[in-house]
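Just so it is clear: chains get the letters A, B, ... in the order the sequence lines come, proteins before strands, and each one is counted from 1.
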2 protein chains.
Amino acid sequence: MMPAALEVLASPRRREILRLVWNEELAAGTIHRAMPDVTFGAVSLQLRALVEAGLVEARAEQRHRFYRARREAFGPVAEILERMWDDKLWKLKLAAELEETRRGPKPRRNRTTKKRSGKRGR
Amino acid sequence: MMPAALEVLASPRRREILRLVWNEELAAGTIHRAMPDVTFGAVSLQLRALVEAGLVEARAEQRHRFYRARREAFGPVAEILERMWDDKLWKLKLAAELEETRRGPKPRRNRTTKKRSGKRGR
DNA sequence: CAAACATTTTAGTTTAAACTAAATTATCAT
DNA sequence: ATGATAATTTAGTTTAAACTAAAATGTTTG
């Protein structure tokens, strides 16, 4: 548990993702489907932050990338998080925080990355 | 330990303050003197955040206000923090983070709140 | 190879956090 | 009251986080 991890855990959005990949490995797309209020891109960026902090692992398989929590990396914090997720009151609190904490542009509607032409090589 | 506390712990500055008032009660001014790179006002605001999160208690005595950590409120996190503070490597990390994390206007120099006229009633 | 799918990356926008400077409040001493 | 000291509060500034939209990357399938 390094100081950086505390920063990562501060975000309700990242905690929400963490909860999803706590007990099972999930593909990025599956994680995104569980939080339709943000774009796929946003989820991908948060997943990156979690991986860089060493809290989550990624595994590529075919077109998918599967993510799961590295529970060993949490130490005593694992307990705190699990208790939070079990507690109904805290579930409500998380919902409220996600509402509040939404940053970036004002809420719009349909949240998948929109394709357009699809040309241009690098 | 509520979700809000995780947010509060995310700030290196607040963790620095917390460390100071972990084992002893200190006046706001004493705390500020220990971190001369920020103004008294900035310290006061962070103290407020810590008190509002229930992590720190304040006691008024004469012209002073004494602050101390409410260690009961930390649960398993207390251990994490104490280990962080004991660890020499983490001490270096904290210094680096404080350097990095300095927000607000670019660094200037002398950091006490400057007085001016001092009139004007409310 | 093109098209579809799964995901990441980039560039730019909005919002909130951490801060500063100054003003204000509060207490004590003269 | 006036002044000195201790701290808080307010208003405004800067920076970084969370996000969006679009483009890019990589993989599988026809």
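- Candidate nucleotides C:dT20, D:dC19, D:dA18 were compared by shortest atom distance to the side chain of A:S11, and D:dA18 ranks first.
- For the pair B:R59/B:E25, a side-chain contact is recorded, criterion being any heavy-atom separation below 4.5 Å from C-beta on.
- Note on B:F66 and B:V56: separate hydrophobic clusters, where clusters join Ile, Leu, Val, Met, Phe, Trp and Tyr whose side-chain heavy atoms are under 4.5 Å apart, directly or indirectly.
- Between the CZ atom of A:F40 and the C1' atom of C:dT10 there is a distance of 17 Å, rounded to whole Å.
- DNA chain C lies under 4.0 Å from at least one heavy atom of each of the following residues of residues 59-69 of chain B: B:Q62, B:R63.
- When the C1' atom of D:dT9 is taken as reference, atom CD of B:E52 falls 13 Å away, rounded to whole Å.
- The distance from atom CD1 of B:I31 to atom C1' of D:dT8 is 14 Å, rounded to the nearest whole Å.
- A straight line from CD of B:Q46 to C1' of C:dT20 spans 13 Å, rounded to a whole angstrom.
- For the pair B:H64/B:L26, no side-chain contact is recorded, criterion being any heavy-atom separation below 4.5 Å from C-beta on.
- The CG atom of A:L45 sits 14 Å away from the C1' atom of D:dA24 (whole-angstrom rounding).
- Contacts of B:R14 with the nucleic acid, taken as non-hydrogen atoms under 4.0 Å apart, involve only primed sugar atoms and P, OP1 or OP2.
- Remark: P of C:dA18 and CD of B:E7 are 11 Å apart, rounded to the nearest angstrom.
- A sub-4.0 Å separation between OP1 or OP2 of C:dT20 and a side-chain N or O of B:T39 is present.
- Among the heavy atoms of the strands lying under 4.0 Å from B:A28 are primed sugar atoms or P, OP1, OP2 only; no base atom is included.
- Using the six-membered ring where Trp is involved, B:H32 and B:F40 have ring planes that are parallel, under 30° apart on the 30 and 60° scheme.
- The distance from atom CG of A:L26 to atom C1' of C:dA6 is 15 Å, rounded to the nearest whole Å.
- Applying the 4.0 Å criterion to OP1 and OP2 of C:dC19, one finds that B:R13 has a side-chain N or O inside that range.
- Atom-to-atom, CD1 of A:I17 to P of D:dC19 comes out at 8 Å; the value is rounded to the nearest Å.
- A 4.5 Å side-chain heavy-atom check between A:V43 and A:M35 finds at least one atom pair inside the cut-off.
- Distance from the side chain of B:V38 is smallest for C:dC19 among the nucleotides C:dC19, D:dT20, C:dT7.
- For the pair B:M84 and A:L6, the minimum side-chain heavy-atom distance is below 4.5 Å.
- With a 4.5 Å cut-off on side-chain heavy atoms, A:L55 and A:L9 count as touching.
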